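In this text, all values refer to a predicted model and were calculated from it rather than measured experimentally.
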Amino acid sequence: MKTDTGSTSRLRHDPLVRGLGWASALLGVPQVAAPGGFARALGVDDTSRHRSATTVVGVRELAAATGLLGRPHPAWLWGRVGGDLMDLTMLTRALRNHNGRGLGRTVVATAAVAAITATDVYAAVTRTRRSTPMELTAATTVAQPPDEVYGLWSDLERLPDFMAHLDEVRVTGPRTSHWRAGAPFGKTVEWDAETTQDVPGQLIAWRSVDGADIDNSGEVRFVPAPGGRGTEIRVTLRYDLPGGALGKTAARYFGEEPHQQLDDDLRRFKQIAETGEIVRSEGAPGGKRARGEFPQHPARPLTEDELKEALA
């Protein structure tokens, strides 16, 4: 486990951390020295309430700058994230109650703070050494017999066809494979895995080996559905989420909800197992384009009358 001293020394020479520290200083000085002028520059009225809010934000920025440049610690980065969310809330409220003068500047400021927030979240998550063990479970029923469903899932190199965040799975040996996946905030993680159990038609289990970017393990069980109605797939995933509990919250805030991702993956697997392809509705003509990873096909072509109605 890293000590606070080791963490401070590591972050003191981190270019991103130092850059965020200087950014806080450059923002904080004018907010404290001339709050009214800073508020007007954002397109916000120079009222007593706005000057007070600007001063408070400036003091917070200067405190963050002192911490990040003097004795950097992940806590200062998470403090910036919390402050960013407060700033976004205030700017959103200002946009909602705007009188129209300087609206363009306020819109630009809001977009800039949103970009800074994403940078701060990325820095906080990736510079926090703690991790939170997570276990995800999900299940679905596929109208195919267990042996066929097992056969489809056991073809590891096809997993990216329905798992949204998998970029590649490459089989490297009889019981080993290499995985590459997308992670929150545009990161990529890789690991080698070994199959720990493989019971045809019943169970596949695996775990990452030493040196993985994210330690993980999981299992998939294939259980005959009641009444001979196909196969129940029961998936359990375990992994350590970087950034601790705050990282988990931040990932969810930015649309990286792991439980929903697993449910979506199983839904796509069900479509592949039952129809041979991932089907979308005509209500979403672009299909799922989070990364353009799924070659989706329309559920059915529009009739000529439906096409005319849609275009109208």
Side-chain angles (χ1 to χ4, degrees), residues 11 14-35 37-45 50 53-69 72-98 100-128 164-165 182-189 241-244 246-258 260-261 286 289-292:
L11 294 179
D14 188 310
L16 179 57
V17 172
R18 292 193 62 79
L20 292 175
W22 283 111
S24 285
L26 293 174
L27 286 171
V29 169
Q31 287 175 308
V32 172
F38 195 92
R40 289 193 298 273
L42 298 181
V44 179
D45 291 339
H50 289 154
T54 302
T55 301
V56 170
V57 172
V59 171
R60 190 198 71 219
E61 292 284 5
L62 291 177
T66 301
L68 291 174
L69 296 174
H73 189 275
W76 290 110
L77 295 171
W78 286 111
R80 275 186 57 93
V81 172
D84 291 339
L85 296 179
M86 293 172 57
D87 294 346
L88 281 175
T89 300
M90 289 190 293
L91 284 168
T92 300
R93 186 177 302 161
L95 284 173
R96 190 165 53 244
N97 301 320
H98 214 286
R101 290 184 298 179
L103 178 61
R105 293 196 300 273
T106 307
V107 171
V108 171
T110 304
V113 171
I116 291 172
T117 303
T119 302
D120 286 337
V121 170
Y122 168 75
V125 169
T126 56
R127 271 66 177 177
T128 300
H165 281 69
F185 319 117
K187 295 285 286 182
T188 298
V189 293
L241 184 71
L246 288 173
K248 178 180 177 181
T249 301
R252 182 180 297 114
Y253 183 85
F254 281 88
E256 302 285 351
E257 170 51 60
Q260 184 62 52
Q261 291 169 6
R289 295 189 180 276
R291 298 177 311 163

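Counting all heavy atoms, side chain and backbone alike, G58 lies closest to V32 at C-CG2, 3.6 Å. Across all non-hydrogen atoms, the minimal contact from T92 to L88 is OG1-O, 2.7 Å. Across all their heavy atoms, T54 and F38 have their closest contact at CG2-CD2, 3.9 Å.
Partner L77 forms a side chain to side chain contact (heavy atoms under 4.5 Å, CB included) with one of D120, V17, V121 and no other, that one being V17.
Counting heavy atoms from C-beta outward, R18 and L68 have side chains that stay 4.5 Å or more apart. Residues M90 and V113 fail the side-chain proximity criterion, which asks for heavy atoms closer than 4.5 Å. The side-chain heavy atoms of L16 and Y122, taken from C-beta on, include a pair separated by under 4.5 Å. Between T110 and D87, every side-chain heavy-atom pair lies at or beyond the 4.5 Å cut-off.
The backbone N or O of G21 lies less than 3.5 Å from no partner atom in the side chain of R80, so there is not a single donor-acceptor pair.
Scored by the salt bridge (Lys or Arg N to Asp or Glu O under 4.0 Å) test, D84 finds no partners at all (sequence neighbours excluded).
Rounding to the nearest 0.5 Å places CD of E61 at 5.5 Å from CD of Q31.
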